[in-house]
Amino acid sequence: MALWIGAAHAANTTAGDGGAELLRFDLPVQPLEISLAVFGRITGYSVLVTSSLTAGREAAAVQGDYAPRDALQHMLAGTGLAARYTATNAFTLVPVPAESAAEEARNARASKAQAEAEGLRIQAGYAAVLQSSITRVLCAVQPDTFGRYRLGIQLWIDPAGLVSGTRLLESSGQGTRDATVLASLRTLEMDAPPPPGMAQPVTILLTPRADPARDCRPYRVRSAG
């Protein structure tokens, strides 16, 4: 069976990909047929391909602003298929030769690993903001006990930097203290918003500190000022 996917040409695209305007794509990893259909609706491009060729294949995620042909290339990464254009905005899919497919798979794995490493780097950089923000609020509400117990929690942080949810993972051994910490963090506004795409929830382990009074001193001075 032949699978024909097409859509009315998107109003904000130009004819051809040379100098084409960038379009916003938010395609997750999903069956290739679904991604092709959504791609057609966004770009107005049409594809004629046998359903047996796309069956069981998974399209790569495409998220961000891309020219249509660049987005399609990203989407087909790792599928073993490549686009063959039959017109300015029409294409079919053909199998990639085995050697090319292997190279493409290696490149896709390398790109994925690089993206994951970059995500971890960004998240690690936000750790200082988390530590500063949590220390600030807990020094204010627990001036005599902060930094003298162990407590595990998870936080959900919205794009504006506001804590939108909390969960207790490991009790400090005192239910009243646990409740005070969670209640304080539910109203916390981070010193800076989280980086886009940061994995959530964020797991925080509060542990005893060598000198809690020194850790809290900058925030007490700021509060007094």
Side-chain angles (χ1 to χ4, degrees), residues 1-126 156-160 193-201:
M1 293 180 60
L3 175 65
W4 172 263
I5 300 173
H9 197 278
N12 60 341
T13 60
T14 60
D17 231 43
E21 294 183 23
L22 301 183
L23 300 176
R24 169 67 62 171
F25 293 87
D26 189 14
L27 302 176
V29 175
Q30 61 186 349
L32 180 56
E33 295 94 335
I34 297 176
S35 285
L36 286 171
V38 177
F39 177 85
R41 287 198 298 271
I42 295 173
T43 65
Y45 281 41
S46 298
V47 56
L48 179 62
V49 62
T50 59
S51 56
S52 61
L53 194 61
T54 59
R57 297 183 190 267
E58 196 172 65
V62 182
Q63 296 175 324
D65 296 328
Y66 293 95
R69 294 195 181 195
D70 291 338
L72 181 60
Q73 183 175 354
H74 283 288
M75 189 175 73
L76 295 176
T79 63
L81 301 175
R84 176 178 294 168
Y85 287 89
T86 57
T88 300
N89 60 346
F91 64 94
T92 186
L93 298 180
V94 296
V96 177
E99 291 184 2
S100 298
E103 179 66 21
E104 183 180 349
R106 285 193 295 270
N107 291 339
R109 287 194 296 269
S111 297
K112 181 179 179 181
Q114 183 177 358
E116 290 176 348
E118 177 65 11
L120 291 174
R121 185 191 66 78
I122 292 174
Q123 188 157 335
Y126 194 65
W156 283 262
I157 307 168
D158 72 16
M198 185 181 75
Q200 302 216 33

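Values below: every heavy atom of this structure, side chains too, minus hydrogens, waters and symmetry copies. This structure is a prediction, so every number in the text was calculated from the model and none was measured. Residue numbers start at 1 and run along the sequence shown.
- Between the T92 side chain and the L48 main chain, a donor and an acceptor come within less than 3.5 Å of each other.
- Atom-to-atom distance recorded for D65:CG and F25:CZ is 9.0 Å, nearest 0.5 angstrom.
- Residues L23 and P68 approach most closely at CD1-CG, 4.1 Å, considering heavy atoms.
- We find the CZ-NE2 distance between R69 and H74 to be 14.5 Å, quoted to the nearest 0.5 Å.
- Here the closest heavy-atom approach between residue A83 and residue L72 is recorded as CB-CD2, 3.6 Å.
- Between Y45 and F39, the angle of the ring planes goes over 60°, which puts this pair in the perpendicular group of the 30/60° scheme.
- Scanning all heavy atoms of the two residues, the minimum distance from P193 to P159 falls at CB-O, 3.2 Å.
- Rounded to the nearest 0.5 Å, atoms CZ (R57) and OG1 (T79) are 6.0 Å apart.
- From M75, atom CE reaches atom CD of Q30 across 9.0 Å, with rounding to the nearest 0.5 Å.
- With a 4.5 Å cut-off on side-chain heavy atoms, Y66 and T43 do not count as touching.
- Put simply, the side chain of V96 does not reach to within 4.5 Å of the side chain of L76, judged on heavy atoms.
- Between L81 and L32 there is a side-chain heavy-atom pair separated by less than 4.5 Å.
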- Item | side-chain contact (heavy atoms from CB on, under 4.5 Å) between L93 and L36, intermediate numbers included | CA-CA 11 Å; L93 298 180; L36 286 171; 4.0 Å; yes
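- Q200 contributes a side-chain N or O that, together with a main-chain N or O of I157, makes up a donor-acceptor pair within less than 3.5 Å.
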